[in-house]
Student: 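Got a structure for you, questions after.
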Amino acid sequence: MIRKVVTAIQEAGAKPFVTDTVRIMGLDYLEVANQNGLNHLSCGAPVVLADGLYGKDSILVKAGPLLGEIAVASAIHDTPAMVVCSHVKGHINAGYAGALKNLAMGCVSSRHREKGWKKGRGGMHCHGEMGLQWNAEKVHVLRAMQKYLPAPRDRFQRRRLCH
């Protein structure tokens, strides 16, 4: 599927690359990607670690009052356009992870070079330094999800929004 998307982008005159952000050491990550069939030859485009080999190549961007600022992977930050190819994936907190999660978590570096993990994905998982506050008037989405997804339902019943 990735090869077909890459080919269509190339036919439109662009020079695509396939990317993700580092979750394990970069060279190991590229080896795992290769073992799963994602490499330059199979994709028809370079496979690039958006936040570098060590997960620290990022740009701080404003992220609202809860997070303050977050480290977006440099290659993603500097790219003029993206095509997001999502796969169905189970997620412990939501039951399903897809395009929105790919954009929210996948574009963020694991850590910032100077400011560490709190400005990377770790900070998003921990909801910044402020934490989340329970507000019964604003939980209509969780109410809708609780019937179908066990993790949000359990947290909702315990009035808990974070691990």
Side-chain angles (χ1 to χ4, degrees), residues 1-64 66-128 141-142 144-145 148-153 155 162-163:
M1 178 191 114
I2 298 293
R3 179 70 179 237
K4 290 184 183 254
V5 172
V6 165
T7 300
I9 293 169
Q10 289 168 333
E11 288 171 355
K15 294 190 176 197
F17 59 94
V18 176
T19 192
D20 199 355
T21 50
V22 174
R23 306 249 184 313
I24 59 176
M25 294 305 290
L27 293 175
D28 294 335
Y29 195 92
L30 289 173
E31 183 57 34
V32 169
N34 185 52
Q35 290 171 6
N36 285 297
L38 295 172
N39 57 54
H40 188 275
L41 295 175
S42 66
C43 294
V47 176
V48 175
L49 296 173
D51 55 348
L53 281 179
Y54 301 101
K56 297 179 183 178
D57 187 3
S58 57
I59 308 291
L60 287 175
V61 298
K62 291 182 181 186
L66 190 60
L67 296 172
E69 56 187 4
I70 201 79
V72 174
S74 295
I76 291 170
H77 179 274
D78 297 340
T79 273
M82 284 193 334
V83 174
V84 178
C85 298
S86 297
H87 63 281
V88 175
K89 175 183 173 189
H91 191 279
I92 194 166
N93 289 333
Y96 166 77
L100 294 177
K101 180 198 172 281
N102 285 356
L103 288 169
M105 299 300 283
C107 295
V108 174
S109 184
S110 29
R111 61 191 315 110
H112 185 264
R113 185 170 297 278
E114 288 94 30
K115 300 199 177 185
W117 68 269
K118 288 184 180 182
K119 296 299 176 187
R121 272 189 302 279
M124 291 177 73
H125 277 289
C126 294
H127 311 291
V141 173
L142 283 176
M145 290 178 5
Y148 304 103
L149 305 173
R153 180 186 62 230
R155 287 200 180 109
C162 193
H163 306 299

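As the structure is a prediction and not an experimental result, all values here were calculated from the model.
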Student: Could you tell me whether the side chain of Ser74 and the main chain of Ser58 form a donor-acceptor pair under 3.5 Å?
Tutor: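 Such a contact is found between Ser74 side chain and Ser58 backbone.
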
Student: Output the distance between atom CD1 (Ile59) and atom CD1 (Ile70), rounded to the nearest 0.5 Å.
Tutor: 13.5 Å

Student: Starting at CG of Asp57, measure out to CD1 of Ile76 and round the result to the nearest 0.5 Å.
Tutor: 11.0 Å

Student: Determine the minimum heavy-atom distance between Ala75 and Phe17, stating which atoms define it.
Tutor: O-CZ, 4.2 Å

Student: Determine whether a donor-acceptor pair (N or O, by modelled atom type, separation under 3.5 Å) exists between the side chain of Thr21 and the backbone of Ala50.
Tutor: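 Such a contact is absent between Thr21 side chain and Ala50 backbone.
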
Student: Leu27 versus Glu31: any side-chain heavy-atom pair under 4.5 Å?
Tutor: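 No - every pair of side-chain heavy atoms lies 4.5 Å or more apart.
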
Student: Taking all non-hydrogen atoms of both residues, which atom of Arg3 and which atom of Leu41 are closest, and how far apart?
Tutor: NH1-O, 2.7 Å

Student: Locate the shortest heavy-atom distance separating Val6 from Gly44; write the atom from each residue and the value.
Tutor: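 Nearest heavy atoms, Val6 then Gly44: CG1-O, 3.7 Å.
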
Student: Which atom pair, heavy atoms only, marks the closest approach of Ile2 to Cys85?
Tutor: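 Shortest heavy-atom contact: CD1-CB, 3.9 Å.
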
Student: Tell me if a side-chain donor or acceptor on Asn34 pairs with a main-chain N or O of Leu30 at a distance below 3.5 Å.
Tutor: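 Checked: no pair found.
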
Student: Let me confirm one number: the SG-NZ distance from Cys43 to Lys4, rounded to the nearest 0.5 Å.
Tutor: 14.0 Å

